[in-house]
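Working notes, beginning with the structure itself.
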Protein chains: 2
Amino acid sequence: MRVAIIGVGLTKFGEQWETSFSNLFVEAGAKAIEDAGIDGGDIDAIFVGNMSGGRFIDQEHTSALIADHAGLNSVPSTRIEAACASGGLALRQGAMSIISGFHDIVVAGGVEKMTDILTERTTQTLATAADQEWEAFLGMTFPGLYAMIARRHMYEFGTTREQLALVSVKNHSNAKHNKYAQFQFEISVEDVLRSPMVADPLRLLDCSPITDGAACVILASEKKAKEFTDSPVYITGSGQASSTISLHDRERITVIDATVNAGKMAYKMAGKSPNDIDVAEVHDAFTIGEILAIEGLGFVDAGKGGKATEDGITKIGGKIPVNTSGGLKAKGHPVGATGVAQAVEVVLQLRGEAGKRQVDADAGLTHNVGGSGGTAVVHIFEKG
Amino acid sequence: MRVAIIGVGLTKFGEQWETSFSNLFVEAGAKAIEDAGIDGGDIDAIFVGNMSGGRFIDQEHTSALIADHAGLNSVPSTRIEAACASGGLALRQGAMSIISGFHDIVVAGGVEKMTDILTERTTQTLATAADQEWEAFLGMTFPGLYAMIARRHMYEFGTTREQLALVSVKNHSNAKHNKYAQFQFEISVEDVLRSPMVADPLRLLDCSPITDGAACVILASEKKAKEFTDSPVYITGSGQASSTISLHDRERITVIDATVNAGKMAYKMAGKSPNDIDVAEVHDAFTIGEILAIEGLGFVDAGKGGKATEDGITKIGGKIPVNTSGGLKAKGHPVGATGVAQAVEVVLQLRGEAGKRQVDADAGLTHNVGGSGGTAVVHIFEKG
């Protein structure tokens, strides 16, 4: 059995001072419901990807808050958390719930409200995705972790500082045409190299921003989907894997094993290989992250991600366009929402509704990472 | 298709100063694996019920932490959160994952380490299960919410202060024979009535304690289960419902609608009625909670829970023994673990392994509530 996506919805990503956590989710959900042509009464369950309501807005139990504020009681509502991979896992749990026969139509969404607390507390909260006892407590933050990976990748494979910058340049260029993106403007390699140092070699413009936002998709059983649309997009592969939560426990840090393993599971389930994928949204929380992703997912050989980026393979019009939405870097990264927002972009591409970002695609992929790779989740999508 | 439980494991519940969050889960998981007669390599996935790692131990992404510290990478590991109902939902997601065919054997567990922070911060963290903007921010805590329910129940139905106390007396009496319980001693009605006032009419001995602990079960497909045991217990019903997260938004506060609706779903799936249930573990975070539960689940008529308790119907040897484990009140309430610990007790009862707490049972039920009833989840279990 296949699971269909029959509706998608996004809020604007950015600093959303005028709205609340639950309003963000409800806005994205209402758009997805409208897009699907269903109404709230058709919803059997809600799955909420949310990293840290408890620390960002002093609110746990966010699944109940959302069901209530959406006016959808007594629908079952469940929060899924795996740091920045929370959204991807909400999508996976939503799909499982349909394949199991428990539900026919569900909302799988993600949300984060990150700007209601001081920036220093935001950084501390994001660091709770790392091992608290062995990494965060000692002062390690995510830019630092990814900086070590970048430095090692440069050392082992000759990846250059400019190649890292080109990931950011490409993703900003894509975001220019995405009205939901936090940063709808282009930047140059020089801009990246002149931006403030965060953790050597990563500079400010190598890092995804702090973002408020939400994303939702409506999932339906194949049978139900046909009642509402002639052209659903199907989820045909889903893979999830764990790896050590601490970077220092890995045999190698230039490969995220969880990405490789989740990718293999998803490809196997879909009966696809990397060559079959026409468009991908991958986890570029830092520029080095996109390079690790395209290598780990098999789009390019190990160590060749920097060169491939320089060669334009991942641009719109290239062999495998990556992060046509602008990615986490330029679209923004509301951590719990990101995995679902990636799915929204791939659905728009497969439907031919991506406007100036449109590529020619029959099959797409999303790749969502928690922490420095303790969790990864990969989904494959195909036209109906 | 039915989902089997082929192994169970618990840690001691209480103040666990000498161990860590992840060690607690790993201990319970290892016991469950040993009980099932499988080994770690047989595990396809982990589902972790955990309310607030982010605030209790400054650690989100607890699913990855646990997979890592359990030595089970690259197994998919997923955290589920719905406040005090987190464990029950982890069980439900684990069951869905098997019925969907994604997995054959999974660990569904729950864990909380609540004593590593100051008690006042614990109370604040528990209050994040309520609506932050409309309840917690204004100073409302859970004893206060349940006190209002208790007061209203007394007013509407004539429930007495002594009847509330008898819930606690019964559950302490049961916990005396449970070596995993936090409080293995009996108390009297007078003890309850003399204990310090927390929120009128609820006193200290009406309230469940702050607890560290973990619980795990091994779930398997029916086919896989037969490879490992001749006498599995089956999950035959699962129901989940949401209600308003805020108490003030409800038309009535003496019924938890989510309990009623989740119960109906579970009874329907199992083809059972309340009369078919021989033993139940229900959510007695406060004494009034057990009275609401036995009414909402249909074991007694609405408003009659206090009288039924006084009449001994819910005692071991009564018509429907409730909380033979000692319940949240006396066994302890590590919030993310509670829903799974309830399942452990019912499995032990159905297997005839409950020692001096043993009752005669073919079918059992668990009932787990998040917050003041924003989430409820009910499971029904039967002998194989």
Side-chain angles (χ1 to χ4, degrees), chain A residues 20 45-46 51-55 57-65 67-68 72-83 89 92-93 95-102 124-125 128-133 136-137 238 240-246 249 257-258 261-262 370-371 374-375 377, chain B residues 20 45-46 50-55 57-65 67-68 72-83 89 92-93 95-97 99-102 124-125 128-133 136-137 238 240-246 249 257-258 261-262 370-371 374-375 377:
Chain A
S20 72
I46 305 168
M51 173 177 167
S52 193
R55 296 175 62 110
I57 60 163
D58 291 335
Q59 179 74 65
E60 306 283 8
H61 208 192
T62 49
S63 52
L65 185 84
D68 184 5
L72 290 180
N73 292 142
S74 64
V75 160
S77 186
T78 305
R79 174 189 171 200
I80 315 292
E81 190 272 324
L89 291 195
R92 182 172 158 93
Q93 293 303 317
M96 274 188 198
S97 82
I98 286 173
I99 294 176
S100 69
F102 274 62
Q124 286 170 359
T125 291
T128 65
D131 190 315
Q132 179 59 227
E133 291 182 349
F137 180 78
S238 177
Q240 179 190 348
S242 63
S243 182
T244 71
I245 189 168
S246 293
D249 276 333
D257 287 336
N261 290 320
T375 300
V377 54
Chain B
S20 72
I46 305 168
N50 173 227
M51 173 177 167
S52 193
R55 295 175 62 110
I57 60 163
D58 291 334
Q59 178 75 64
E60 306 283 7
H61 208 192
T62 48
S63 52
L65 184 84
D68 184 5
L72 289 180
N73 294 143
S74 63
V75 160
S77 185
T78 304
R79 173 189 171 200
I80 315 292
E81 190 271 324
L89 291 195
R92 182 170 157 94
Q93 293 302 316
M96 274 187 198
S97 82
I99 294 175
S100 69
F102 273 62
Q124 286 169 0
T125 291
T128 65
D131 190 314
Q132 179 59 227
E133 291 181 350
F137 181 78
S238 176
Q240 179 189 349
S242 63
S243 182
T244 71
I245 188 168
S246 293
D249 276 334
D257 287 337
N261 290 321
T375 299
V377 54

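Chain A is the first sequence line, chain B the second, and so forth, proteins listed ahead of strands; every chain is numbered from 1.
For the set Gly374(A), Ala67(A), Ala95(A), the entry with the most heavy-atom pairs within less than 4.5 Å of chain B is Gly374(A). When Ala262(A), Ala83(A), Ala136(A), Ser97(A) are compared by the number of non-hydrogen pairs under 4.5 Å with chain B, Ala83(A) comes out ahead. Listed options Thr125(A), Asp131(A), Ile57(A), Thr62(A) were ranked by heavy-atom pairs under 4.5 angstrom with chain B; first place goes to Asp131(A). Note on Ala64(A), Ala45(A), Ser74(A): by heavy-atom pairs under 4.5 Å with chain B, the leading option is Ser74(A). Ranked by non-hydrogen atom pairs under 4.5 Å with chain B, the options Ser63(A), Ser77(A), Gly53(A) are led by Ser77(A).
Remark: side-chain polar atoms of Arg79(A) are not paired, donor with acceptor, to backbone N or O of Glu81(B) under 3.5 angstrom.
Proximity to chain B involves both the backbone and the side chain of Thr375(A), based on heavy atoms less than 4.5 angstrom apart. Residue Ile80(B) touches chain A through both its backbone and its side chain, counting heavy-atom pairs closer than 4.5 Å. Residue Ile46(A): no heavy atom, backbone or side chain, is found under 4.5 Å from chain B. Contact annotation for Ala258(B): neither backbone nor side-chain heavy atoms come within less than 4.5 Å of a heavy atom of chain A. For chain A, no part of Asn50(B) is nearby; none of its heavy atoms comes within less than 4.5 Å. If you measure heavy-atom distances from Thr78(B) to chain A, the contacts under 4.5 Å come from both the backbone and the side chain.
Minimum interatomic distance between Asp58(B) and Gln132(A) (heavy atoms only, all atoms of both residues): O-NE2, 2.7 Å. Taking every heavy atom of both residues into account, Arg55(A) and Gly54(B) meet most closely at NH1-O, 2.8 Å. The heavy-atom pair separating Gln59(B) from Ile245(A) by the smallest distance is NE2-CD1, 3.7 Å. For the pair Val75(A) and Ser242(B), the tightest heavy-atom approach, listed with the atom from each and the gap, is O-OG, 2.5 Å. Between Thr244(A) and Asp68(B), the shortest heavy-atom contact is CA-OD2, 3.4 Å. The heavy-atom pair separating Ser20(B) from Glu133(A) by the smallest distance is CB-OE2, 4.4 Å.
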